[in-house]
Each structure stands twice: as C-alpha cells, then as structure tokens.
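Keep in mind that what you see is a predicted model, and the values were worked out from it rather than measured. Residue numbering restarts at 1 for every chain, and letters A, B, ... go by the order of the sequence lines.
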Amino acid sequence: MKEFLSKAVVVYCAAGAVLFGVADFKKATVEHLNLMSQWGDYPALLDKGQAAFNERDLRMAIRYYKLVAGLVPRNDGPYAMVGYCYARLGDDARAIRYFKKAKLIQKTHFWNDYNLAVLYLRDKDRASASRYFHNVVEQDFRLAWEAAVLAPLSRISPQQREFLIAQTMVFTKKIREDSLKMLAGLDVEEGGVILHPWSYYMQPGKENYF
Amino acid sequence: MNKFWFLALPFLAWLGLHHGGNIAPIVDNAWYSHWITYHFDYIARGVFPLWDPFQAWGWPDTTDTRFFGDLNPLYLIICLLTALHVPPFVAFNIFLVLFYLCGGMGFYLFVRCLCRRELPALLAYAMFMFSTLGIILFSQLTVLSTLIADIWFFYFLAAFLSSRVPQKRYFAGLVFSMMVIVSTYVPFLFLVSLAAVIAAVLLVRPVLFIDIFKKTAAFIRAFPVMFWTGAVAVVLACLPGLFWYLSIQNGDTIYRNERNGFGAGGVNVSLDMIDHSSLASQASIGGFFSDLDLTMNIFCYVPIFLIIILSLGLFARMDIRYRIIFVTAFLVFLFALGGVTPLHAFLYEHFFFFRMFRNLYFLGPFIFLCMTAVGVGVLQVFLEAGPETGRKRGWYIFYVVLVHMGWIIFLATQERVIWSLYATAIGSMALFLFYFLARKELLFLAGLMFVVMLQPGQMGTKFWQDPGKVNTQALESGAFAYRRPLRGEDLDAERGFGLSFKKKQDKSGFCREGYYGSRYSFILHSNIPAEELQEYVSYKFIIYDQAAYMDDGHPDWNALKGSLDAIHGGRAMAVSGPSEMLKVIDFDPDHIKIRTNFPQRKFLVFNDSYYPGWAVSVNGKIQPLYRANVAFKGVWVDPGRQDVEFRFGSAGQYIFHWGLIGLFAGWLGYVVFLFIKRK
C-alpha cells in the first residue's frame, strides 16, 4: 500500500482532485478573456487577421480569426470571416460550416446568408441556395439585386447567376421602379452598370462577397 | 562523461538561437535596459544616483532600481565592460546572457544535489536553457532577477541540509542569495515560494523540521560569528527596501493605485486587479498545444517534452524530495490562479502583505522549474527501474511507445499544432527506445538535449522574427552605438503591452493620471492643469525679484497661477540658456552647481521637486532651502558672483549605499573563495 501511495500517478491524482474541488474554471476563462481584451490582444489579433487577409495570406488570417472566435464566442463576425477565407481558398465545405456557426449566433445577416446561398449554388445544391437567398432578399432586396448581378465575381457560372437573379425576382414581392430601371440598365448598358456596383462594393469595408 | 561539453553546448546553442538576429530589449526590458545602463554608468563614474531629476520633475531614484535589484554585484559586469569601451546596451545584453547562464548552472546544481546523478541534472539544465525563461530574460528581467536568486537559494538550502557536517560555503551562499532576493522589487515571489515549501514540508514530512533545526543549531554552535555576520548582512540588505516602503507610507513619495487599468501598482492593489494579473488570465490549457508560434503565448508555455517525461514517470516512485517539490509547485499554482481558487482571496483578506503585489503570473516560471525538477526526478527512477533484458524490458518498450503515441494522437486532435511538437514527441520516442535497447547513456543524453531544443527553437526563432514584438527601434536609432545612457530616453514606442514612460507623460512632463511623484509635485499637479504648467516647468531656473509666503493650509491657487505666470509680467525671468548671470558649472543626478552673477538680491527657483534630504549652499555655506511655488526648491541669492549648489542626500546615505555595494560584492567574493578553497 505504501509503495502504491508513493507512485507519481497517485500524487498527481490527489492534486487533481484538490484542484477540481476548489477551482472555479469558469472564472479562469473569464480572467483569460478579460486579460486579452484589457491588454489589447483581442484587437491586436483582429488587426493581425486583417493584415494577413490584406496580404492575401488567407491561411494565416484563418488562424487569427479562429483565435478571436475563441475569445469572443458570442460574436458572429470572426466565424463569418473564417468562412469567408475558406470560401476564398475554395474549401467550400469548411466555409459552409463556419458561416453556419456565424448564423447560429446571428440568425439574420445579409452577407452570411448571401455567401451561404452562393456556396450552395457552387455545390449545385439549388434547394439550399434558394432557401438562403430567400433570406437575403427579405433583408434587402435592392442589395440582393446588386449582389446577384455581381455574382460572376463569386466564381459561379452564368447559369447560376441567372438562377440568383431569377430567385430574386421570385422572392421579391414589391420590386420598386428604380430597381427595375437598374435591371433594365443592366441589359442595355452592361459594362457601365456593372462598373457602378463594382466600384461601390470595392470601397473599404464593403468587400463582403467573394 | 565529459560534463563540460554537456553544459557548454546547450548554452552555445541557446546563444546562437537568441543572438543570431537583431535582439533588442522588449516589453518591460525596454525600460529596464535604460534604467540599468543609466544607473551603472553613474556607478562607474563614482556617483550613486539617489535622485532622478528626469521624471515627474524629480523624485527619489529608489523605486525603479528595485525592479531589477540594483545591489546584485553581477551588474558590476556592466560597469567593467563599459570601462572597456563596450557600448552600454551591448554590455547590458552580455550581462543578461551571463546572468542566464548563472541561473542555468544554479538549476543544474540544485537538481544534482537532489538526485545525485548527472543525467537528470544535465537534462534539467538543458530544459532550463531552452524554456520560456529564455524569452522572459529579454522581456521581464524583474522576474528573472528574483527567480535566479531563488534557484541559488534553494540549491544552497538543499546542499546545507544534505551535508553531514555544517558547511560554511553553503551557509555563505544562502546568505548571499537572500541578500540579493531582499534587494529586489519582488521578494514577494520568493516569500510565497518559501511559504509554499514550508507548507509542503508540513504536509509531506513534518519531522523534517526537526532535522532542519538540528542542522541550523549545529551550524550556529560551530560558526557563531559567521552566522550572526550573515544575519546582520541580510538585515542591512533589507534596509533600502524598508526605507523605500516607509517613504511611500509617510507620503513623501507618491506611488499610488489611482489607475484602474494596466500599470496600476502601489502598495495596496485591489483583488480584481490581482485577478486580472493571475496565472489564470495568462494561460489556458488549449494554449499549451495550439498556436504556439503565435508570439502572444510565449510567456507561459509548458514544453511538450516536460509533459512526456512526466507521463513516462507516472508509475515511477516519487520519493520524499520530489513529493515536497511537487506539493510546493501545486500550492504556488493554486495561489497564482488568483480568484479561481479561494487560497489567494483568503490570504489577501487576512494578511496585508498579499495586498501589495499584483502580478501573480510571475510565479509561473517558478512552477515550471519545480515541475522540471520533478519530471527529471521521476524519469530517472523510471529509467533505472527498466531492466536491460528479459520480458519486463518488452513491457517498458511497449509503455514508451504507448505514452508517446498517445501524445502524438492527442496532438493530432488539436488545432494548429506546430511541427516541432510532433518532432519532439517522435524524437523522444526514438531515443527512449534506443536507451532501452542499446543502453548508451551518453548518446541518449545528447539526443535528449537536441530534442529539448526543438520546440523552444521553433518558437524562439518565430518570436525574434516578429517585427511587431521585437522593438528594433533601439537598433535603428543607434542606441547600440556608444553614448551615455540618459534617463527619460526609454524607447519611445508603442509596445506590445501598455505604453512607454514617455507616452505616459502629460504636457507638463508629469506622469499622466499622477501615478507617481514626490508629495508636493503631486499636490501642484493635482491643482493646476498640465497645460498651464507646461511652459513654466519647461524652464529649470526662474529668477524672481521678490517672494511671498503662502499658507499651506489655505493655498491661494489663483495667486500661485500669477506667480507661475510672472515670467510674462516682467516680475520674473526664466533662464533659457547659460549667460553671465547664471550658468551651470557642474551636474550629476544628486547635485547641481551653478554660478550666478545677479545685479541685486534675487530669489532663485530651481524647478525640481522639493523633497526632504535636499540642501542648498551658497559659496560653500548652507542656506535655508525654501519650498517655492508649492513643489519646487528656492533660495535667496545675493548679488555678485555666487556659487550655488543644490545637493541631495547626506554623507551617511552615500556611505550606506556604497557600503552596501561593497558588502554585496565582498560577500559574493567570499562565497566564491570558500568554494575554490574546498576544491
């Protein structure tokens, strides 16, 4: 018995039992998060993620955004950014997973829904794409039009783009006159009209689609 | 076994890793490097800096020096090197390297004293050299300055207690390490560690105290003079810290906890603030394995090799010495977790001592060293129990593979694991199999030392390549070129954490939010906006035609503003440079001598904080020193040529401080002499 009690594993187990008996691990997590935000590491990580993203080092950006997601688990932004980076890398399965995580936190978000719709479209799952695009149109039908027009940028085929536009028309109950004009303009002056939304979305902070 | 090479090669490898690139002081060392080079530059010139005229309009230079323990005689290496025309910052880095080696040697001796075997001691030494401490050395000297003294203290204590007859050299070493510890800002770390050791002995083997008392009594009987001399030396070493503490307590020096965020220190820290600086806030279990090449995690990491050897030794017998060390580490760990366990809150509530210190995570390296000692200890038992042949050897081989494969599979389940963790686990498995199959201890040890290097090697290389972490401004701005380091020249850059001291200053040059200063400067700064003080304090000397008494009990702040603004009304003259009327003829931090030649009797205000201990003399004769414009020093000066000298500190203070430097250096010399004599 004495020999058994002198084994390292017994000493470790005893220490572990004491630790689990007295420690408040939830508080430990809170303290860790406090420190990260207090000393600026959380924004620093976001900055690093953004810097890596700007340098097109998407894998590094994913790492930083995942760390931020761990630190602020109730914020959908970092998950969406991870999904966005995966989508840019062509890893659609992972991208869908992370956009869905973002949606669990923030049920309605235009770009999360839009990106999920496009991802499903790329995956040839039109039913799912249609479901998410419905949400997109409900949130902002005008923006949905513009995004659908810009869909070629999302590496989808002309047929898939037409599908998106058609979906927009189906889901939009009250298409305003200006939107119709916009659509008409597209048909007549394709280059000019495409340039307009293109330049609009390329403004800093507007690059929400891929 | 050629021990020398096993000690030298890891050191050289570590040196190559950390000094192959542009090493510059980072995090808090950005300040310490300037403070230390400044301090020892003056020491080398025969001036003991008692006063700091560069911060908060002047205040005693006894606070900052406590952060690094200025009395440690090893710092005199910097003086020696600068005397040989080595640039100060290079001298500082050389000191750091030698200091680190000193810590590694201490740890080697400590482990060897415990297990009386070379292999675990050398392995522990390599684990020390290649550990989180190698980064902390360049970022938080305040931790290492105490920790390395702690290591030597515990080595001397272990050696003292394990020797059959009383040994003078171990006692002398104990005294010296205690002297160094009490002269630092954080003897707190030592006292917590010592209390944990005492508690661990009480829990594991209380009868050991009888042995300790017997040995101490035997020593006192054998060497009474040495015992009492040592006791007096330790008490003397405590005095600067005591005086510093008293100056804060009586309000002459303000060092208060006014700020809510980072940087708040002082003598009474809130429980919340301590919790924010606990070990729990610094580390997370996931952080042991994931994202280790992201430099933010580098302060507290546990190497995978340590985890592996602790796992290998799971079923080994942990003898009494290692149980005491493990329980010590565990108690310190419970304490360092802050509010996560009730231990710290209890001590905080009942003992004032625990309300004085904030950074509990500084205890992390101590816990790491304890666990390293336990790890190599149980590993030694595991290795010695392994038979050379037979079926049992097969079980050992199976167990080695099981443990390593278990960790490799575990790592595979984790996200973002760096390659060196896998390499360490695979290399370690190969070496342990080699050991049980071939039994070539020398090659085994050399291989283990290489494996130990892998993880810190990858992390360290990445760390020093991160331009966001390593402040290369020092290199770019020529700080490494030879010139005298000056106070207030701390690197003026946004750092990873917090701000440099320059950025903490407001427009008046006083610390923003009044974090520290002398009593009267603090009062003035609290009552007059910094913008209104800005111009006045930009002049060191103001010459007034007349002066009036103001009642401290009912200060007339409007009248004071008029006095500060007198340079615009023609009632006072600001000195903007040397002239026939006033010029500085001698200066060091503790005194300034000026030559005046006024046409009539004037009241000269020296815009440097008024503080007890300052005196003024005119032509060698002591004159009354007035507190002028609330916070500064003033004296009446007669017309004609006069030599006015302001001086801080008495002859007694100088003798005391120089005496202490001599005492520390002398005692270290005595310890070295005793060890050489024994050989």
Side-chain angles (χ1 to χ4, degrees), chain A residues 1-52 55 59-71 73 82 94 98, chain B residues 204 260-262 272-287 290-291 293-297 310-320 322-323 326-327 329-331 333-334 337-343 361 374-375 377-379 381-382 415-416 466 468 494 496-498:
Chain A
M1 187 64 182
K2 198 177 173 186
E3 182 63 24
F4 173 75
L5 288 176
S6 68
K7 298 278 186 199
V9 67
V10 177
V11 181
Y12 298 154
C13 286
V18 172
L19 184 65
F20 278 93
V22 300
D24 178 354
F25 290 103
K26 197 174 169 187
K27 188 170 170 62
T29 308
V30 169
E31 287 305 337
H32 191 56
L33 294 181
N34 276 342
L35 181 97
M36 299 299 275
S37 54
Q38 185 189 352
W39 281 16
D41 277 12
Y42 156 51
L45 282 174
L46 266 182
D47 287 349
K48 285 191 169 187
Q50 188 64 44
E55 289 170 10
R59 295 205 177 275
M60 188 53 82
I62 287 170
R63 295 185 61 179
Y64 286 118
Y65 285 128
K66 278 186 178 177
L67 277 176
V68 178
L71 290 171
V82 174
R94 281 202 171 124
Y98 275 92
Chain B
V204 177
N260 293 320
F262 169 76
D272 275 350
M273 198 177 291
I274 296 173
D275 284 347
H276 291 334
S277 307
S278 68
L279 201 57
S281 70
Q282 292 287 327
S284 63
I285 298 293
S290 298
D291 294 306
D293 56 344
L294 297 182
T295 54
M296 53 174 286
N297 289 324
L310 285 167
S311 310
L312 283 174
L314 269 181
F315 299 101
R317 186 173 179 276
M318 188 189 272
D319 80 10
I320 210 82
Y322 296 112
R323 259 181 278 166
F326 177 79
V327 173
F330 183 65
L331 291 174
F333 177 65
L334 288 181
L337 284 175
V340 175
T341 71
L343 182 60
Y361 71 92
V374 171
V378 291
L379 178 69
V381 177
F382 171 73
E415 288 191 328
R416 306 177 301 280
D466 184 347
E494 297 278 353
F497 305 105

Show me the donor-acceptor pairs, under 3.5 Å and distance only, between side chains in residues 4-11 of chain A and residues at least two apart or in other chains.
| unit_1 | atom_1 | unit_2 | atom_2 | d |
| --- | --- | --- | --- | --- |
| Ser6(A) | OG | Glu3(A) | O | 2.7 |
| Lys7(A) | NZ | Phe315(B) | O | 3.2 |

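- Neither the backbone nor the side chain of Leu343(B) comes within less than 4.5 Å of any heavy atom in chain A.
- For Phe333(B), the part lying under 4.5 angstrom from a heavy atom of chain A is the side chain only.
- Among residues 15-22 of chain A, the residues having any heavy atom closer than 4.5 Å to a heavy atom of chain B are, in sequence order, Ala15(A), Val18(A), Leu19(A), Val22(A).
- Contacts between Val327(B) and chain A at a heavy-atom distance below 4.5 Å are absent for every atom of the residue.
- For chain A, the nearby part of Arg323(B) is the side chain; its heavy atoms alone come within less than 4.5 Å.
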